[in-house]
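In the text below, chain A, chain B and the rest are named by the order of the sequence lines, each starting its count at 1.
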2 protein chains.
Amino acid sequence: MLKLTRKLEYALIALRHMQTKGKLLSTTKEISDIYAIPQELLAKTLQQMARLEYIDAVQGPHGGYRIHSTMLEISLTKFIEDLEGPMGMVDCSVTSDCIQLNNCNIRQPINRINDNIRSIFSRINLSDITH
Amino acid sequence: MLKLTRKLEYALIALRHMQTKGKLLSTTKEISDIYAIPQELLAKTLQQMARLEYIDAVQGPHGGYRIHSTMLEISLTKFIEDLEGPMGMVDCSVTSDCIQLNNCNIRQPINRINDNIRSIFSRINLSDITH
DNA sequence: TTATACCCGACTATAATAGTCGTATATAGT
DNA sequence: ACTATATACGACTATTATAGTCGGGTATAA
């Protein structure tokens with residue numbers, strides 16, 4: 001309950017690391033070594049963030065990644081959903097194939113809480129974590 | 001990310017159901033039938049809540065469960081942690097055996113967010129969900 | 001004494017997450 | 001052109017957490 005996945009954790013660690021390096025490039029190996037993150041796993045996450053244009057990739061020797069400037073204004077909600085898909089306390093806040101649905105007696109109160117959390121996460125920017 | 005487990009979901013549904021019945025008893029079968037919850041699974045959760053004194057159990061024929069009056073003032077944080085153990089976005093907010101720990105660069109910002117969420121959950125009472 | 005309903009631990013199944021591997025592509029340096 | 005380094009990417013396996021099942025027990029009203 002409420003726990004970040006490793007993927008998100010690694011992504012945040014990497015972003016923060018890159019942040020401290022400004023425009024200098026960081027390699028996967030460098031980051032995985034420093035923070036003891038499995039290299040191949042981190043690699044995939046960095047590649048995904050590159051596709052999402054959170055970071056810029058430079059290929060070849062002396063290549064690596066650096067933070068994309070607009071990334072800082074991304075909200076935590078968007079970040080999480082970009083990397084892992086929709087977020088919601090109950091499935092019916094995401095899809096609508098629950099056998100209960102109309103019968104369900106907690107749907108509305110839970111969805112209110114859900115909205116509260118989302119609104120907190122929406123007010124938090126990635127820069128609040130990686131600054 | 002952020003999703004309630006079925007156990008919590010079933011527990012909340014059951015509590016709300018019992019709430020509407022006041023001092024009348026509800027059986028496991030009754031609740032599992034109405035909301036299409038696997039009976040044995042619900043049974044375990046109700047038993048756990050009985051041990052925790054969230055609900056009172058009455059044994060024998062015509063037995064069942066009813067809500068314990070003080071339950072209403074329990075916070076969502078306590079409820080979740082009573083049923084599922086400690087809640088935290090990162091392990092280091094719970095235990096301290098992470099190989100990173102001092103090396104970790106996101107610990108503090110994440111823990112701030114974590115505290116925010118906890119404080120929201122602490123201000124929400126079960127009665128807000130089951131009323 | 002029988003039927004009903006709670007009690008409880010051990011077990012299995014399923015699904016989500018975490019991690020690995022093989023191969024391909026880009027490119028700087030020589 | 002060749003080599004070493006680094007990203008790109010899909011398919012695979014392993015691990016863990018959650019979900020669900022089962023078998024046997026106890027309490028008690030009728």
Side-chain angles (χ1 to χ4, degrees), chain A residues 1-11 13-14 18 24-33 35-66 68 80 83-91 94 98-99, chain B residues 1-11 13-14 18 24-33 35-66 68 80 83-91 94 98-99:
Chain A
M1 174 73 214
L2 201 61
K3 207 158 100 199
L4 292 180
T5 59
R6 297 245 190 244
K7 184 172 166 184
L8 289 174
E9 223 176 297
Y10 296 159
I13 288 173
M18 288 184 260
L24 286 176
L25 294 174
S26 311
T27 66
T28 305
K29 183 162 190 334
E30 169 190 339
I31 299 176
S32 68
D33 279 353
Y35 302 102
I37 298 172
Q39 179 167 345
E40 289 304 314
L41 183 54
L42 177 64
K44 279 171 54 169
T45 305
L46 292 175
Q47 285 157 24
Q48 186 181 4
M49 287 200 288
R51 277 195 300 274
L52 289 164
E53 300 190 334
Y54 281 55
I55 55 182
D56 297 316
V58 175
Q59 291 203 330
H62 310 305
Y65 300 95
R66 76 168 75 83
H68 193 88
I80 291 175
L83 264 70
E84 307 223 324
M87 158 176 97
M89 301 193 81
V90 283
D91 286 336
V94 174
C98 173
I99 49 169
Chain B
M1 175 73 216
L2 201 62
K3 207 158 99 199
L4 292 180
T5 60
R6 296 245 191 244
K7 183 173 168 186
L8 289 174
E9 224 175 298
Y10 297 158
I13 288 173
M18 289 185 259
L24 286 176
L25 294 174
S26 311
T27 67
T28 305
K29 185 165 189 334
E30 168 190 341
I31 299 176
S32 69
D33 280 351
Y35 302 101
I37 299 171
Q39 179 167 345
E40 289 303 315
L41 184 53
L42 176 64
K44 280 171 55 170
T45 306
L46 292 174
Q47 285 157 25
Q48 187 182 4
M49 287 199 288
R51 278 196 299 275
L52 289 165
E53 300 191 333
Y54 281 55
I55 55 182
D56 297 316
V58 175
Q59 291 204 328
H62 309 305
Y65 299 96
R66 76 168 77 83
H68 193 89
I80 291 174
L83 263 72
E84 308 223 319
M87 159 174 97
M89 301 192 82
V90 284
D91 286 336
V94 175
C98 173
I99 49 170

About how many Å separate [atom2] of [Y] and [atom1] of [X], when rounded to the nearest 0.5 Å?
X        : Y        : atom1 : atom2 : value
Lys3(A)  : Lys3(B)  : NZ    : NZ    : 15.5 Å
Gln48(A) : Lys44(A) : CD    : NZ    : 9.0 Å
Gln39(A) : Glu30(A) : CD    : CD    : 11.5 Å

Side chains of [X] and [Y]: does their closest heavy-atom pair fall under 4.5 Å?
X        : Y        : value
Asp91(A) : Cys98(A) : no
His68(B) : Met49(B) : no
His62(A) : Thr27(A) : no

If the condition is side-chain contact (heavy atoms from CB on, under 4.5 Å), which residues does [X] pass it with, not counting sequence neighbours?
X        : result
Leu8(B)  : Met1(A), Leu4(B), Thr5(B), Phe79(B), Ile80(B), Leu83(B), Glu84(B)
Leu42(B) : Tyr10(B), Ala14(B), Thr28(B), Ile31(B), Ser32(B), Ile37(B), Leu46(B)
Leu25(A) : Val58(A), Arg66(A)

At a heavy-atom distance below 4.0 Å, what parts of residues 38-47 of chain A sit against DNA chain C?
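Per residue number, the list reads Pro38(A), Glu40(A), Leu41(A), Lys44(A).
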Rounded to the nearest angstrom, tell me the gap between atom CE in Met1(B) and atom P in dA17(D).
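Spelled out: CE on Met1(B) to P on dA17(D) is 17 Å.
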Nearest whole Å is fine: how far is dC9(D) C1' from Met49(A) CE?
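Result: 16 Å.
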Would you say Arg51(A) places a side-chain N or O within less than 4.0 Å of OP1 or OP2 belonging to dC9(D)?
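Looking at the OP1 and OP2 atoms of dC9(D), one of them is under 4.0 Å from a side-chain N or O of Arg51(A).
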Would you say dA8(D) has OP1 or OP2 under 4.0 Å from some side-chain N or O of Tyr65(A)?
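It does, given that an N or O in the side chain of Tyr65(A) lies less than 4.0 Å from OP1 or OP2 of dA8(D).
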Which residues, if any, of residues 55-62 of chain B bring a heavy atom under 4.0 Å of DNA chain D?
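When residues 55-62 of chain B is checked for heavy atoms under 4.0 Å from DNA chain D, the hits, listed by number, are Gln59(B), Gly60(B), Pro61(B), His62(B).
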Bounds of contact between DNA chain C and chain B, in 5' to 3' order, using a heavy-atom cut-off under 4.0 Å:
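On DNA chain C, the outermost contacted nucleotides are dA3(C) to dA10(C).
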What closest approach, in Å, do Ala50(A) and Tyr65(A) show between heavy atoms, and which atom pair accounts for it?
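For Ala50(A) versus Tyr65(A), the nearest heavy atoms are CB-CE2, 4.1 Å.
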